[in-house]
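Not measured: the values here are computed from a predicted model. Just the heavy atoms: all of them, side chains too, but no hydrogens, waters or symmetry mates, feed the values below.
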Amino acid sequence: MAPKVCVPADFGKHHIGAPSHGNLTFTLQEGVKIKANSIILSLNSPVIEELTTNLHQTSLEAEDFSKEAVDCFIEASYTGEVEALSRENFREVNKMSAVFKVNWLVARCKEYFVSCLSDINNGSSYSDVVFVVEEAIYVMSALKSKEFYNLVVKKIISLDYLAKDAFISDYLSDLSASTYKQIDFCIEIVAAEVHILVELLTNHLEQEDGACFNQSSRYLFKNLDIGICYENSPEIYKKLLKVLEDLDDIEKDDYILVLEKLEKATAHSKCVTLGATKPGTSTSTQCDMYDLKTFTLASFSQYLVPARLDDVIEMLAATGVVDNLYQLIDGVWLRLCQCRKDVVNGSVIQKIVGIKRIKGWKPINYDYLDKLLVPQNATSCLNFKYLLKSSDSLVIKNTAISWGSTNQLYGGDFVEDIYKSDKDFLFKINNPALSGVRFILSITSMKNEDPDSFSIKWTIFSKTNAAYPTDLQLHFALERWNGFSWTLFPISWSGKPTCDQTKRHWAWGYIYSKSYPDRLIKLMKEKDRLLLSESKAYICHEYRYRFVAFVV
């Protein structure tokens, strides 16, 4: 028995096109026909052998392939070489070799591709890079193989920042026309340098001049980890946030998407576990440190601009700094205190209910609303408070659980302790799940007239074997006792020293006095004294103050 022919083998290039040998016809587009020898092709391809020998076919449909690709495939089968393989026909020849299972030709196509890929470096032209990228994406999509794709991703990731940035800028220059697979590839190669794509998306949205997301920009935004950009490139993140705020006629689904992405991006509470030993004992203590949410009144000024209260609520919900219902209510409350003409009705409450549902927030404590101060002649604040307290979706009616307070300080002493010296307040939360846990509110006073040196942190303090929720969130407010009742003042939008043009002052929410019912009390340092309402040194020493904390 004659030995079986091993391929690749040279059957003679001169036999290509010989009429006496051409017993198998490839039918291409527009009726183009190319003849070849079925035996030679069968020796190379088990698929063609099955079609011709067992199924007795004398013609094959090849309308998906160009004449150049079929000629290259036949020549390779006849000669055992791939001299005609080029970038122009690579995709189709590689596909034909896979479809007809010509294994040696599949390997040669891979060698050609790897050779092209190895030539890629930081100075490569866009056309060289885009060739390997597009072929890798095509093979993954059409042939269901990620081998080329993984090789290309690894190669592009190894390039420097400028090379990647330049390629992506060109590759996604027309973002609206970019495919999901192209976007996915770019997301994969940027790795931690997400700001490259965030900046590209921001520029695209700016060029759209306020238009909402299109299919591609929505897909890119949905799949970007903008939290990395928030941490590593805050200025680029802020620019994206500003552009998102300016989008016109944003659809409900896109609105929900923006809320979810911004919420996820800013879920970055700092948590540090410290091991400490009390003097004279061997008991190990665990402390988890969290930054208290602190904002200046200046950060709230943008919410005083819109004419409609609905727009303000949507802006508050979309910003990355509002991450619970307490903060949203504080923001709306602050707006109502400033803009007395706002109309509060049932539709406002329903909007807040919808936002709470979308964000997955928990309701707020009834006691928080019940004690919330209503300024004189502020009908909108009164209506808002009444409607909130009547909403079963927004309020927990059981006031006996999940909040706690610090020790009380008299008026002047409170100011001295908070602003002029470091202070720790020990308190507990009235909640069965937290019965073995104590909390510390640590105040760091301002040093050397530097507002940034002022900070407030809260600490969980418990024995190592005590269980407590690791994701616990607290919302703080300031309470004042006037001799017969406690009144609550929100502080989430004004918890740090803030500067105006002439002096530094502290503004702890809306703290009103009998003499100045419509004015925000300003506590500031002037000539080594703490003053109230700029030049008036009025602080009621009969008032008592304390911080209160509610479990979010």
TODO: Could you tell me whether Arg87 and Asp128 have a side-chain N and a carboxylate O separated by less than 4.0 Å?
DONE: yes
Task: Check: Glu134 and Phe185 side chains under 4.5 Å, non-hydrogen atoms - done: no
Task: Minimal non-hydrogen separation, Leu224 against Ile187, with atom names - done: CD2-CG1, 4.3 Å
Open item on the list: Using the rule given for side-chain contact (heavy atoms from CB on, under 4.5 Å), can you reason through Leu151 versus Leu117, listing the C-alpha separation, both sets of side-chain angles and the distance that settles it, and then say yes or no?
Closed with: CA-CA 8 Å; Leu151 290 173; Leu117 183 61; 3.7 Å; yes
Task: Contacts of type ring pair (Phe, Tyr, Trp, His ring centres under 6.0 Å), residue Tyr138, not counting sequence neighbours - done: none
- [ ] Taking all heavy atoms of Glu92 and all of Asp64, pick out the closest pair and write down the distance.
- [x] OE1-O, 3.5 Å
Task: Phe65 ring center near Phe73 ring center (under 6.0 Å) - done: no
Open item on the list: Would you say the rings of His195 and Tyr161 are close, in the sense that their centroids are separated by under 6.0 Å?
Closed with: yes
Open item on the list: Between Asn345 and Asn383, is there a side-chain heavy-atom distance shorter than 4.5 Å?
Closed with: no
Task: Side chain Lys239, main chain Thr202, donor-acceptor under 3.5 Å - done: no
- [ ] Please answer whether the main-chain N or O of Ile137 pairs with a side-chain N or O of Ser141 as donor and acceptor at a distance below 3.5 Å.
- [x] no
Open item on the list: Using side-chain heavy atoms (C-beta onward) and a distance below 4.5 Å, is Leu488 in contact with Leu372?
Closed with: yes
Open item on the list: As a quick check of understanding, evaluate side-chain contact (heavy atoms from CB on, under 4.5 Å) for Ile352 and Leu325, giving each step before the final call.
Closed with: CA-CA 9 Å; Ile352 296 175; Leu325 187 57; 3.8 Å; yes
- [ ] Go through the side-chain N and O atoms of Ser125 and Ser127 and say whether any donor and acceptor fall under 3.5 Å apart.
- [x] yes
Open item on the list: Has Trp333 got a side-chain atom pairing as donor or acceptor with Cys381's backbone, closer than 3.5 angstrom?
Closed with: no
- [ ] Could you grab the distance from atom CD of Glu111 to atom CG of Leu105, nearest 0.5 Å is fine?
- [x] 10.5 Å
Task: Non-hydrogen atoms of Ala69 and Asn89 that approach each other most closely - done: CA-CB, 4.4 Å
TODO: Report yes if the side chains of Leu159 and Phe167 come closer than 4.5 Å at any heavy-atom pair, otherwise no.
DONE: no
Open item on the list: For a 4.5 angstrom cut-off between non-hydrogen side-chain atoms, does Ile168 reach Val190?
Closed with: yes
- [ ] Nearest 0.5 Å please: distance from the OG atom of Ser66 over to the CG atom of Leu28.
- [x] 7.5 Å
Task: Phe148/Lys110 under side-chain contact (heavy atoms from CB on, under 4.5 Å): CA gap, chis, key distance, verdict - done: CA-CA 8 Å; Phe148 286 4; Lys110 178 182 176 181; 3.8 Å; yes
TODO: Indicate yes or no for a side-chain donor-acceptor contact from Lys356 to the backbone of Ser393 under 3.5 Å, with no hydrogens or angles considered.
DONE: yes
Open item on the list: For a 4.5 angstrom cut-off between non-hydrogen side-chain atoms, does Phe113 reach Asn94?
Closed with: no
TODO: Return the minimal non-hydrogen interatomic distance between Ser176 and Asn214, and the atom names on each side.
DONE: OG-ND2, 2.8 Å
Open item on the list: With a 4.5 Å cut-off on side-chain heavy atoms, are Val332 and Phe384 touching?
Closed with: yes
Open item on the list: Restricting to non-hydrogen atoms, name the atom on Val395 and the atom on Leu388 that form the minimum distance, rounded to 0.1 Å.
Closed with: CG2-O, 3.0 Å
Open item on the list: Is a donor from one side chain sitting under 3.5 angstrom from an acceptor on the other, for Ser86 and Glu88?
Closed with: yes
Open item on the list: Could you check whether any side-chain N or O of Thr319 sits under 3.5 Å from a backbone N or O of Met315, counting only pairs where one atom can act as donor and the other as acceptor?
Closed with: no
Open item on the list: Using 0.5 Å steps for rounding, measure from the CG atom of Leu201 to the CG atom of Leu240.
Closed with: 6.0 Å
Open item on the list: Can you tell me how far apart CG (Leu394) and NZ (Lys389) are? Round to the nearest 0.5 Å.
Closed with: 14.0 Å
Open item on the list: So does Val139 get a backbone contact from the side chain of Ser145, meaning a donor-acceptor N/O pair under 3.5 Å?
Closed with: no
Task: Distance, nearest 0.5 Å, that separates CG of Leu316 from CD1 of Ile329 - done: 10.0 Å
Task: 4.5 Å side-chain heavy-atom contact, Asn122 and Leu162 - done: no
- [ ] Quick one: do Ile196 and Leu200 satisfy side-chain contact (heavy atoms from CB on, under 4.5 Å)? Show the steps, please.
- [x] CA-CA 6 Å; Ile196 295 175; Leu200 182 142; 5.9 Å; no
- [ ] Compare every heavy atom of Tyr237 with every heavy atom of Ile226, then report the nearest pair and how far apart it is.
- [x] O-CD1, 4.0 Å
Task: Donor-acceptor under 3.5 Å (Ser124 side chain, Val129 main chain) - done: no
Task: Distance (rounded to the nearest 0.5 Å) between Asp310 CG and Asp342 CG - done: 9.5 Å
Task: Glu63, CD atom: more than 12 neighbouring heavy atoms under 6.0 Å - done: yes
Open item on the list: The criterion is ring pair (Phe, Tyr, Trp, His ring centres under 6.0 Å); which residues satisfy it with Tyr368, sequence neighbours excluded?
Closed with: Tyr326, His475, Phe550
TODO: Could you list the residues that satisfy ring pair (Phe, Tyr, Trp, His ring centres under 6.0 Å) with Tyr180, not counting sequence neighbours?
DONE: Tyr219
